[in-house]
Undergrad: 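This is the structure I have questions about; it appears just below.
What you see below is based on every heavy atom in this structure, not just the backbone, and it leaves out hydrogens, waters and symmetry mates.
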Amino acid sequence: MHNFPVPYPNELIYSTVARASIYHGITSPKQLLDEIFNNRKVIATLDLPCHLQSLSEQLKNTGRFSLEELIYRHTMFPLYAPFVTELHRVRAMQLMAGRSQGAVHLLLGVAASRVKTDNRLRYCSECLKVQSQQYGETFWQRNWFFPGLNLCPEHGALHLFAVGTTEQRHQFHALNVKIPNLMNDVPINSDLMHLAKYARQLIAMEPEYSPSFSQWTTFYHDLALDLRLCRGKHIKHDDVYSRISDAFHHKTFEQLRLQINPSRDSCWLKSIFRKHRKAFSYLEHALVWRALIPDLSTKEIVALVCKIKPNNKFFCSTTEQQKVNNQDLLRKRQLWQQAVLEVGVTAARKFGKGKALYAWLYRNDRTWLLQFNAEYHQRKPNPQLKSDWHKRDLILVRRLLRWFRASEIDYSVPRLSANYLLSQLKNKSTVEKNLNKLPLVHTFLQRYSETITEYQLRRLSNACIQAYRETSQLKSWVILRQAGLSKERLTADSKRVLAELRLFS
Ligand SMILES: [Zn+2]
């Protein structure tokens with residue numbers, strides 16, 4: 001789609017797509033999907049949408065909105081990222097680039113979480129005033145959609161619509177306050193407002209390497225130690241419970257549906273202070289942080305966890321490798337992941353900075369590097385483009401036409417055989433094998449590849465022009481020699497044309 005709207009700060013991608021439908025006057029949901037994604041099966045997802053690579057490409061001209069920026073600034077992904085393992089974080093981003101079919105929600109634990117996502121659309125009337133003043137229009141803002149918290153972290157109460165996004169799976173609704181809606185009936189208390197602040201800080205965080213489960217385990221264990229909530233190695237769960245329940249109004253847990261039953265061994269509060277085996281939701285973490293370390297911001301807490309000496313297989317293990325500064329290592333891993341996400345492993349290894357990064361990681365962090373690359377290979381980053389032959393056909397034929405136009409004036413190029421034309425493409429052999437699926441490329445080759453006669457005539461014309469310029473006369477043997485041809489090698493058609501020109505008899 002031309003002129004895909006530029007997302008506003010903090011605007012959900014869902015909302016930008018909905019605005020695109022208004023700008024272009026497209027009322028049919030399927031037509032909208034066709035125009036934007038070239039795919040009619042895209043599902044309108046509020047929190048963790050997919051097909052973001054194609055949107056990033058449509059926004060290329062802005063010089064912004066890389067895949068990572070779209071994910072971190074315009075989806076709810078940062079609410080989950082620090083709490084899942086690094087492998088899951090990267091895999092989820094890959095899925096969000098292309099097709100996911102629900103896998104992102106499974107991977108980030110949304111589907112199994114105790115905190116349920118409410119898909120009803122909602123807005124904050126105070127925020128709307130600010131939007132109208134600043135931008136002259138309104139849009140769905142990320143911080144109205146924190147799972148489990150139906151409130152605006154700045155102003156509190158929200159207006160909820162009866163419709164959710166699940167009723168019409170392919171429809172992107174633009175924000176329209178004229179549709180009947182109701183004020184949020186959930187009483188907003190200061191507990192909820194405090195928790196929302198953690199969520200607001202999380203969605204503003206920069207893309208970062210996720211701590212491992214073992215780092216989270218150590219963090220909570222050390223926290224209990226510091227606050228004397230331990231007896232020897234053992235956590236005093238009853239004491240933890242009383243600290244947490246004292247910090248909040250008793251109805252808060254009920255409202256969040258995160259009730260704590262201290263007599264049950266499987267209650268979430270006990271689990272978060274034990275060995276982490278799966279991700280906890282941001283709200284569970286935030287409840288503990290608010291009660292036990294209220295002065296620390298989300299960013300400070302995550303930074304603390306990242307600093308804990310990692311103890312898992314993804315970190316280097318030999319003494320040699322342990323000398324490497326961890327921060328430096330994490331930064332380099334991040335840069336490598338970005339490069340791979342953008343261009344793939346093979347290409348990333350070839351270009352300047354990627355080459356050096358690869359060499360460095362190979363020396364210092366081989367286990368992680370090989371594992372990451374293997375993972376990446378297993379998950380094709382953009383399966384849709386891989387199988388979308390029509391789209392490929394269009395891209396390839398455009399590339400060929402561009403090359404052809406640029407080299408048309410150059411009469412000295414070798415014979416434009418189909419083989420030579422195809423060798424102008426990077427992935428020549430794949431194209432060659434799949435020509436039956438690429439009708440446009442096939443037609444291009446038929447139309448523009450040169451026969452031997454055409455090639456001979458091109459060389460002869462060049463020689464004629466040159467000879468005439470130099471000597472003002474045309475002698476057949478001079479022309480043949482300059483064209484690198486002999487009478488014997490001329491095709492019958494070439495001979496006929498030359499005879500008509502009375503150059504040869
Ligand atoms: Zn607001």
Side-chain angles (χ1 to χ4, degrees), residues 47 76 79-80 82-85 88 105-120 145-151 153 184-199 202 211-296 298 301-302 305:
D47 54 352
M76 303 311 280
L79 271 193
Y80 304 92
F83 310 118
V84 297
T85 61
H88 280 193
H105 290 81
L106 281 176
L107 204 62
L108 297 179
V110 185
S113 176
R114 277 173 284 270
V115 177
K116 294 294 168 222
T117 342
D118 178 350
N119 279 316
R120 277 179 300 171
F145 292 89
F146 298 139
L149 291 174
N150 289 328
L151 55 84
N184 192 354
D185 51 353
V186 182
I188 309 287
N189 64 34
S190 62
D191 285 352
L192 299 181
M193 289 302 277
H194 281 304
L195 293 168
K197 278 184 188 139
Y198 286 104
L202 271 169
S212 66
F213 283 162
S214 84
Q215 283 172 306
W216 279 117
T217 308
T218 313
F219 170 75
Y220 281 106
H221 188 264
D222 291 354
L223 184 63
L225 262 181
D226 288 348
L227 299 172
R228 297 168 189 237
L229 298 167
C230 270
R231 188 180 297 117
K233 268 187 169 184
H234 299 283
I235 306 282
K236 294 196 269 185
H237 287 292
D238 289 342
D239 292 3
V240 174
Y241 170 67
S242 56
R243 289 285 294 269
I244 306 281
S245 54
D246 286 352
F248 298 99
H249 191 279
H250 67 275
K251 280 199 171 156
T252 301
F253 300 100
E254 222 169 281
Q255 267 177 314
L256 298 173
R257 295 196 200 156
L258 285 174
Q259 292 94 331
I260 306 167
N261 185 347
S263 58
R264 280 188 63 181
D265 203 42
S266 60
C267 101
W268 69 263
L269 185 60
K270 283 185 182 173
S271 308
I272 208 169
F273 277 89
R274 290 186 180 131
K275 185 174 178 174
H276 285 222
R277 290 192 168 83
K278 62 175 192 61
F280 289 85
S281 76
Y282 79 99
L283 267 179
E284 288 160 324
H285 285 282
L287 280 166
V288 180
W289 300 347
R290 173 74 195 149
L292 302 183
I293 34 173
D295 297 331
L296 292 185
T298 309
I301 296 169
V302 175
V305 182

Undergrad: Find the distance between CG (Leu229) and NE2 (His221) and round it off to the nearest 0.5 Å.
TA: 11.0 Å
Undergrad: Please check if the number of heavy atoms outside Lys278 that lie under 6.0 Å from its NZ is greater than 12.
TA: yes
Undergrad: Using only atom types and a distance under 3.5 Å, with no angle test, would you say the side chain of Asp191 pairs donor to acceptor with the backbone of His249?
TA: yes
Undergrad: At what distance, to the nearest 0.5 angstrom, does CZ of Phe273 lie from CD1 of Ile244?
TA: 6.0 Å
Undergrad: What's the separation between atom CG in Asp47 and atom CG in Asn119, rounded to the nearest 0.5 Å?
TA: 6.5 Å
Undergrad: Please tell me if the side chains of Phe280 and Phe83 come closer than 4.5 Å, counting only heavy atoms from C-beta onward.
TA: no
Undergrad: Output all residues satisfying salt bridge (Lys or Arg N to Asp or Glu O under 4.0 Å) with Arg243, sequence neighbours left out; order by chain, then residue number.
TA: none
Undergrad: Does Tyr80 reach the main-chain N or O of Leu107 with its side chain, forming a donor-acceptor pair under 3.5 Å?
TA: no
Undergrad: Could I get the full list of side chain to side chain donor-acceptor pair (under 3.5 Å) partners for Arg277, not counting sequence neighbours?
TA: none
Undergrad: Identify the two heavy atoms, one from Phe213 and one from Ala279, that lie closest to each other, and give their separation to 0.1 Å.
TA: CZ-N, 3.6 Å
Undergrad: Can you run down the side chain to side chain donor-acceptor pair (under 3.5 Å) pairs that involve residues 284-295, sequence neighbours left out, and say none if there aren't any?
TA: Arg114-Glu284, His194-Arg290, Tyr220-His285, Tyr220-Trp289, Ser281-Glu284
Undergrad: Can you tell me how far the CG atom of Leu225 sits from the SG atom of Cys230, to the nearest 0.5 Å?
TA: 4.0 Å
Undergrad: Donor-acceptor pair, Lys270 side chain versus Pro262 backbone, under 3.5 Å?
TA: yes
Undergrad: Got a list of side-chain donor-acceptor pairs under 3.5 Å for residues 234-242, not counting sequence neighbours?
TA:
unit_1, atom_1, unit_2, atom_2, d
Ser242, OG, Asp238, O, 3.4
Ser242, OG, Asp239, O, 3.0

Undergrad: Output all residues satisfying salt bridge (Lys or Arg N to Asp or Glu O under 4.0 Å) with Asp265, sequence neighbours left out; order by chain, then residue number.
TA: Arg274
Undergrad: Once rounded to the nearest 0.5 Å, what's the spacing between atom CZ of Phe248 and atom CG of Leu256?
TA: 8.5 Å
Undergrad: Locate the shortest heavy-atom distance separating Phe146 from Ala196; write the atom from each residue and the value.
TA: CE1-O, 3.9 Å
Undergrad: What heavy-atom pair brings Ile272 and Leu269 nearest, and what distance separates the two atoms?
TA: CG2-O, 3.3 Å
Undergrad: Quick check: closest heavy atoms across Ala247 and Ala291, and the distance to 0.1 Å?
TA: CB-CB, 3.6 Å
Undergrad: Hey, does Leu79 have a side-chain heavy atom less than 4.5 Å from the side chain of Pro147?
TA: yes
Undergrad: Could you pull out all residues at least two apart from Arg257 that satisfy salt bridge (Lys or Arg N to Asp or Glu O under 4.0 Å)?
TA: none
Undergrad: Just do the side chain to side chain contact (heavy atoms under 4.5 Å, CB included) check on Thr117 and His105 with the steps written out, would you?
TA: CA-CA 11 Å; Thr117 342; His105 290 81; over 6 Å; no
Undergrad: Please report the closest heavy-atom contact between Ser266 and Ser271, naming both atoms and the distance.
TA: O-OG, 3.8 Å
Undergrad: Can you tell me how far the CG atom of Leu283 sits from the OH atom of Tyr198, to the nearest 0.5 Å?
TA: 12.0 Å
Undergrad: Determine, for Phe253 and Lys251, whether the Lys NZ or Arg CZ falls below 6.0 Å from the six-membered ring centre while staying within 45 degrees of the axis.
TA: no
Undergrad: May I ask you to decide if His276's main-chain N or O and Thr217's side chain share a donor-acceptor pair within less than 3.5 Å?
TA: yes
Undergrad: I need the minimum non-hydrogen distance between Ala111 and Leu106, along with the two atoms involved.
TA: CB-CD2, 3.9 Å
